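A, B, ... follow the sequence lines: proteins, then strands. Residue 1 opens every chain. Note that the structure is predicted; figures quoted are calculated from it, not measured.
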Protein chains: 2
Amino acid sequence: MDAQIEAIKKGSTKEKILDAALELIAQMGYQKASMRKIAKKVGLRESAIYNHYKNKEEIFFAIMQKLFVTDFDNFFLKKPPQEHAHRGKRYLYEYVATIKLISFDPKHEKLFRIVLWELMENSEVRKMFLEHFFDKNIKNLAEAFFLMMQKGLIRSGDPMLTAQEFFAPLFYFRIQILLFKMENRSTTHLSTIFEKHVDFFWEGVCINSFEPT
Amino acid sequence: MDAQIEAIKKGSTKEKILDAALELIAQMGYQKASMRKIAKKVGLRESAIYNHYKNKEEIFFAIMQKLFVTDFDNFFLKKPPQEHAHRGKRYLYEYVATIKLISFDPKHEKLFRIVLWELMENSEVRKMFLEHFFDKNIKNLAEAFFLMMQKGLIRSGDPMLTAQEFFAPLFYFRIQILLFKMENRSTTHLSTIFEKHVDFFWEGVCINSFEPT
DNA sequence: GTCTATACACTGATAGAC
DNA sequence: GTCTATCAGTGTATAGAC
């Protein structure tokens, strides 16, 4: 019992190292976040870290796995295209609401910073990035748009192209939010842009727009 | 005369240093492209470089200035919105043709690699990046779309939003091309996507699409 | 302008005492 | 598990001879 309380209080040294490393890497990048700095933040000598992780790389991938894999791709699990695509515009609203939530969440912001930072340096990160932003999301959205085309909700065309056209601005806005924050530029006008995007997109593709308003 | 020939042959040590640095930085990033490596590539001792450039940072900004400032923003100089926007879709085709040309040009590819690499690290690079991809191009395109709205070529709306909607996929494709190349993934299907984007976009915004085909 | 030699800070990582 | 001590390597940059 005492041991358990102690473990929670300490949060296990392994966890504390990960937290400290996440903080530092998000703040100054992988290279500059040295083992010495991580150790200092945790309150350890740098050599003690090597009892918990083989090397710096192992710490990095522990962070990536914990955040990227588990927290990033949850929308389509909750709202699979097959079941919800028929709702058309509402489905898209919910999709961008998720992206928006993620874009402004501090934890995901840290992760996204790290990912962008290591995008050129680290092939594993690059593969995760490509899979998420250029494969997985596009594939799922394409399926949704294919169903919408079948139901006659939107004009027919290449579902993959449609998915990219819908997704690209979200990608663009998300990077914009991150960079604006880094440069201390205001992001308030970006809070409504996600919904505006859906409106603009929907007006361009929906069948009803053929009838002039 | 002899001195001039010699200068051309040598290309001036200063220039050779820039070329070598560009190559190395694009290949391994700013951090890992050490002064030792740059010197070795030029055929100098590392200390000799300091006779030409104060430090590594000065080399970096010499490259940035040379490439980014001069070669990046040339489209709107040749085709200002005021004079060409009335041509509607054709103007957009020419715009994406320029972007496409840049995206597949080896020299610009190197620059873009470096920029993405240093995006998180270097505030100056970040400012250039933001100015180019989120301010300048959007502002110019918004002007073009505003004129198109006035001429009744496209449905009216917020010109800035329209510009972002048109530009974001180009941004998305360009990053995709770079990352795919880095991962040795095929980019052949991306060579036609720029034109497809214009078609998709135009079908969504042009006035004539109100009449069913 | 270019060389040799060197200074100095910092990196990731290891050996061995406790 | 954590400590002290230490390693080899890499980084930018400078002093002074030629």
Side-chain angles (χ1 to χ4, degrees), chain A residues 2-25 27-64 114 117-118 120-122 124-125, chain B residues 2-64 114 117-118 120-122 124:
Chain A
D2 273 1
Q4 201 180 346
I5 290 166
E6 184 68 7
I8 291 165
K9 193 180 171 187
K10 280 175 67 182
S12 88
T13 314
K14 239 175 138 80
E15 279 296 320
K16 284 171 92 173
I17 291 170
L18 281 194
D19 288 346
L22 169 64
E23 210 67 38
L24 284 174
I25 295 172
Q27 194 191 327
M28 57 183 72
Y30 179 77
Q31 294 242 26
K32 290 191 178 172
S34 67
M35 293 295 260
R36 279 168 170 73
K37 284 175 191 158
I38 296 169
K40 197 173 181 181
K41 195 171 177 91
V42 181
L44 286 175
R45 301 290 143 174
E46 69 231 54
S47 55
I49 292 184
Y50 291 92
N51 289 318
H52 301 277
Y53 295 96
K54 207 181 76 187
N55 52 29
K56 192 178 170 183
E57 212 185 353
E58 199 175 280
I59 295 177
F60 182 73
F61 283 118
I63 293 172
M64 282 293 108
I114 295 177
W117 223 317
E118 291 305 305
M120 294 291 120
E121 200 72 41
N122 192 309
E124 291 302 315
V125 171
Chain B
D2 273 359
Q4 201 180 348
I5 289 167
E6 184 70 8
I8 291 164
K9 193 181 170 187
K10 282 174 66 182
S12 88
T13 313
K14 239 176 136 80
E15 279 295 320
K16 285 170 92 174
I17 291 169
L18 280 195
D19 288 346
L22 169 63
E23 210 66 38
L24 284 175
I25 294 173
Q27 196 191 326
M28 57 183 73
Y30 178 78
Q31 293 244 24
K32 290 191 177 170
S34 67
M35 293 296 261
R36 278 164 170 62
K37 284 174 190 159
I38 296 170
K40 197 172 181 181
K41 195 170 178 93
V42 181
L44 287 174
R45 302 289 144 177
E46 68 228 55
S47 54
I49 292 184
Y50 291 92
N51 290 318
H52 303 277
Y53 295 96
K54 207 182 77 187
N55 52 29
K56 194 178 168 184
E57 211 184 355
E58 198 174 282
I59 296 177
F60 183 73
F61 283 117
I63 294 173
M64 283 292 108
I114 295 176
W117 223 316
E118 291 305 306
M120 293 291 119
E121 200 73 41
N122 192 309
E124 290 303 315

message = Glu121(B): which residues meet the side-chain hydrogen bond (donor to acceptor under 3.5 Å, both in side chains) condition with it, sequence neighbours left out?
response = Lys32(A), Trp117(A)
Name each donor-acceptor pair under 3.5 Å that joins a side chain in residues 40-49 of chain B to protein atoms two or more places apart or in another chain, with its distance.
unit_1   : atom_1 : unit_2   : atom_2 : d
Glu46(B) : OE2    : Arg36(B) : NH1    : 3.1

task = Can you tell me the distance, in whole Å, between the CG atom of Leu44(A) and the P atom of dT4(D)?
result = 12 Å
request  = Pick base, sugar-phosphate or nothing for Lys14(A), based on heavy-atom distances below 4.0 Å to the nucleic acid.
outcome  = nothing
ask   = Separation of Lys16(B) atom NZ from dG1(C) atom P, in whole Å?
value = 13 Å
request  = Can you tell me the distance, in whole Å, between the NZ atom of Lys40(A) and the C1' atom of dT11(C)?
outcome  = 16 Å
Under-4.0 Å side-chain N/O to phosphate OP1/OP2 contact, Ser34(B) with dT10(D) = no
ask   = Atom CD1 of Ile59(A) to atom P of dT11(C): distance rounded to whole Å?
value = 14 Å
task = Send over the distance from Arg45(B) CZ to dG1(C) P, rounded to a whole Å.
result = 19 Å
task = Can you tell me the distance, in whole Å, between the NZ atom of Lys32(A) and the P atom of dG11(D)?
result = 14 Å
remark   = For residues 47-58 of chain B, the salt bridge (Lys or Arg N to Asp or Glu O under 4.0 Å) pairs (sequence neighbours left out) are none
key: Whole-Å gap separating P (dG11(D)) and CD1 (Ile38(B))   = 10 Å
query = Hey, does Lys37(B) have a side-chain heavy atom less than 4.5 Å from the side chain of Met28(B)?
reply = yes
ask   = Which pairs with one or both residues in residues 18-45 of chain B pass ring pair (Phe, Tyr, Trp, His ring centres under 6.0 Å), sequence neighbours excluded?
value = Tyr30(B)-Phe60(B)
remark   = Reading nucleotides 13-18 of chain C from 5' to 3' and marking B where a protein heavy atom lies under 4.0 Å of the base, S where only the sugar-phosphate is that close, and - otherwise, the string is BBB---
remark   = Contacts of Gln27(A) meeting side chain to side chain contact (heavy atoms under 4.5 Å, CB included) (sequence neighbours excluded), chain-then-number -> Leu24(A)
task = Please state how far atom CD in Glu58(B) lies from atom C1' in dA13(D), giving the value in whole angstrom units.
result = 14 Å
